[in-house]
Amino acid sequence: MSSENTIKKFNEHVMQSYGRYPLVMEQGSGRRCKDEDGREYIDFGSGIGTNSLGYCDEKWADAVCAQVRTLQHNSNYYYTAVQAEFAERLCAVSGYSKVFFGNSGAEANECAIKVARKYSFDKYGKGRHNIITLVNSFHGRTIATLSATGQDVFHNYFFPFVEGFINVEANNIADLKAKLDDTVCAVMIEYVQGEGGVNKLDKDFVDAIYELCAPKDILVIADEIQTGVGRTGKFLAGEHYGKKADITTLAKGIAGGLPMGACLVNEKLEGVLTAGTHGSTFGGNPVACAGGLAVLDRIESEGFLDSVSAKAEHFRERLEKCSEVAEVSGLGLMIGITLKSKKAADVAKAALGKGLLVLTAKEKVRLLPPLTIEVSEIDAGLDLLFEILEE
Ligand SMILES: *Cc1c(COP(=O)(O)O)cnc(C)c1O
């Protein structure tokens with residue numbers, strides 16, 4: 001089928017909730033993919049940080065296919081070895097006590113919100129349900145996670161939103177202090193705000209959150225849906241800050257491109273969710289868990305995370321030499337590029353014409369390449385990007 005026909009059929013039948021580029025992706029291999037018209041692209045977006053091992057990685061595909069042919073799904077009324085194995089490995093590598101599996105980032109955050117509120121309710125009773133989230137944060141598209149998201153543009157149309165979220169300005173310790181009263185059960189942060197524009201939180205601010213919350217038994221929730229699973233060169237971005245949240249949520253790259261979300265909790269919270277208080281039909285699906293195990297195998301392999309950091313450094317060095325680049329933000333292979341005169345949206349569009357996929361976040365060009373990208377591929381992609389930026 002030609003891409004024109006696909007786009008026509010698609011738009012006739014799929015709700016128009018996305019602004020899409022006129023490109024029909026057909027096939028991928030490694031860090032490159034091809035559209036229906038046969039054009040090839042170097043991928044600096046990895047499906048928004050999701051295809052962490054690139055396209056159709058062989059070991060990952062073998063593990064996923066083997067699981068599909070063995071047991072593709074079972075209800076959570078029963079146990080599976082593959083979910084047990086993935087949970088054990090994920091807890092070990094992240095340093096958490098227990099995990100709940102859902103199928104997306106928003107679901108992982110829903111679980112985190114429920115755990116925080118129930119922990120507080122069980123221990124302190126009603127009235128301590130508020131959760132502080134940051135201005136410019138992004139936590140998902142369900143009604144509760146939209147309510148948590150600290151951006152007014154998302155608080156439209158779908159009224160009424162969920163009560164109990166209070167916004168604090170990122171990096172403003174005075175604002176945090178003023179709002180951390182005895183109605184608050186948790187503070188929820190992204191160490192690097194992704195959708196909000198690839199902005200890293202200041203170390204002082206993160207230190208203050210942990211210092212102020214601990215004595216009041218206020219939980220810290222780290223939304224590491226975009227920053228986690230090796231994206232920043234550590235398994236969790238919190239490691240760069242020397243911090244471990246009470247709850248960490250993961251999704252995006254966790255299963256190499258299969259739908260999976262995880263809510264990890266520490267010892268203090270491991271018993272909060274009791275039988276019947278939370279659930280998900282597909283949560284911890286065996287195929288997704290098999291994909292997740294293949295991702296962990298790679299990320300935990302000798303030198304892998306160091307190579308992510310080295311490649312990130314290479315990206316930054318080259319980007320900072322480009323005359324059109326004003327600033328490079330982010331952490332590891334989560335890269336935000338502020339441009340001097342060009343518009344990020346125009347650059348992303350022009351990149352398609354050159355055979356390069358990039359993302360945007362607010363006014364920045366955003367790069368979330370597969371963690372397996374090679375230096376030669378980084379260079380080839382940056383050459384294309386610089387043709388656009390320097391023309
Ligand atoms: C993508 C993202 C989400 C939402 O994840 P979905 O899988 O789209 O529900 C939540 N928080 C952060 C930080 C994200 O980057």
Side-chain angles (χ1 to χ4, degrees), residues 49-50 52 63-64 67 73-119 122 139-140 142 145 186 188-191 219-231 234-239 243-300:
T50 296
S52 40
V64 166
Q67 187 60 50
H73 175 75
N74 216 312
S75 91
N76 278 303
Y77 290 128
Y78 312 112
Y79 297 89
T80 61
V82 68
Q83 189 178 149
E85 173 78 8
F86 186 49
E88 181 184 43
R89 293 269 307 273
L90 193 60
C91 287
V93 66
S94 63
Y96 281 91
S97 172
K98 287 213 163 83
V99 61
F100 176 88
F101 290 118
N103 313 283
S104 67
E107 282 176 76
N109 283 341
E110 288 272 347
C111 180
I113 292 164
K114 287 178 76 172
V115 169
R117 285 189 170 175
K118 187 167 183 297
Y119 171 75
D122 289 347
H139 297 299
T142 61
T145 56
M188 185 167 177
I189 57 168
E190 300 155 84
Y191 291 107
L219 304 174
V220 179
I221 304 171
D223 176 345
E224 293 230 31
I225 288 163
Q226 195 161 148
T227 55
V229 200
R231 172 59 52 190
K234 304 271 188 199
F235 189 77
L236 297 177
E239 295 169 48
K243 294 285 186 283
K244 185 182 148 196
D246 298 282
I247 304 174
T248 285
T249 54
L250 301 173
K252 291 210 162 78
I254 190 173
L258 291 174
M260 152 84 57
C263 176
L264 293 155
V265 301
N266 65 13
E267 297 73 18
K268 182 162 95 172
L269 304 173
E270 65 174 42
V272 170
L273 293 182
T274 49
T277 56
H278 199 42
S280 163
T281 299
F282 283 116
N285 170 272
V287 179
C289 286
L293 279 167
V295 169
L296 288 188
D297 282 344
R298 193 70 52 86
I299 287 183
E300 292 187 273

Can you sort out the partners of [X] under salt bridge (charged side-chain N to carboxylate O under 4.0 Å, His left out), two or more places apart, ordered by chain and number?
| X | value |
| --- | --- |
| Glu85 | none |
| Arg298 | Asp57 |
| Lys243 | Asp207 |
| Lys234 | none |

Restricting to ring-ring contact (aromatic ring centres under 6.0 Å, His included), what partner residues turn up for Phe282, sequence neighbours left out?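 Residues passing ring-ring contact (aromatic ring centres under 6.0 Å, His included) with Phe282: His73.
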
Got a sec, which residues hit ring-ring contact (aromatic ring centres under 6.0 Å, His included) with Phe101, two or more places apart in sequence or on another chain?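 Expected list: Phe86.
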
Pairs satisfying ring-ring contact (aromatic ring centres under 6.0 Å, His included), at least one member in residues 244-268, at least two apart: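 Qualifying pairs, neighbours excluded: none.
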
What pairs of residues pass the ring-ring contact (aromatic ring centres under 6.0 Å, His included) test when at least one of them lies in residues 251-270, not counting sequence neighbours?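 Not a single pair qualifies under ring-ring contact (aromatic ring centres under 6.0 Å, His included).
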
Looking at every heavy atom in both Leu90 and Ile254, which two are closest together, and how far apart are they?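 It is CD2-CD1, 4.0 Å.
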
What pair of heavy atoms forms the shortest contact from Ile225 to Leu250, and how long is it?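 Of all heavy-atom pairs spanning Ile225 and Leu250, the closest is CG1-C, 3.9 Å.
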
Which residue pairs pass the salt bridge (charged side-chain N to carboxylate O under 4.0 Å, His left out) test with at least one member in [range], sequence neighbours excluded?
| range | answer |
| --- | --- |
| residues 244-263 | none |
| residues 277-297 | Arg89-Asp297 |
| residues 270-293 | Lys98-Glu270 |

Under 3.5 Å, side-chain donor or acceptor atoms of residues 284-293 against the rest of the protein: list the pairs with distances, not counting sequence neighbours.
{"from": "Asn285", "atom 1": "OD1", "to": "Val287", "atom 2": "N", "distance (Å)": "2.9"}
{"from": "Asn285", "atom 1": "OD1", "to": "Ala288", "atom 2": "N", "distance (Å)": "3.1"}
{"from": "Asn285", "atom 1": "ND2", "to": "Gln72", "atom 2": "O", "distance (Å)": "2.9"}

Closer than 3.5 angstrom, by distance alone: can the side chain of Lys114 be matched with the main-chain N or O of Leu273 as a donor-acceptor pair?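 Judged by distance alone, no pair lies under 3.5 Å.
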
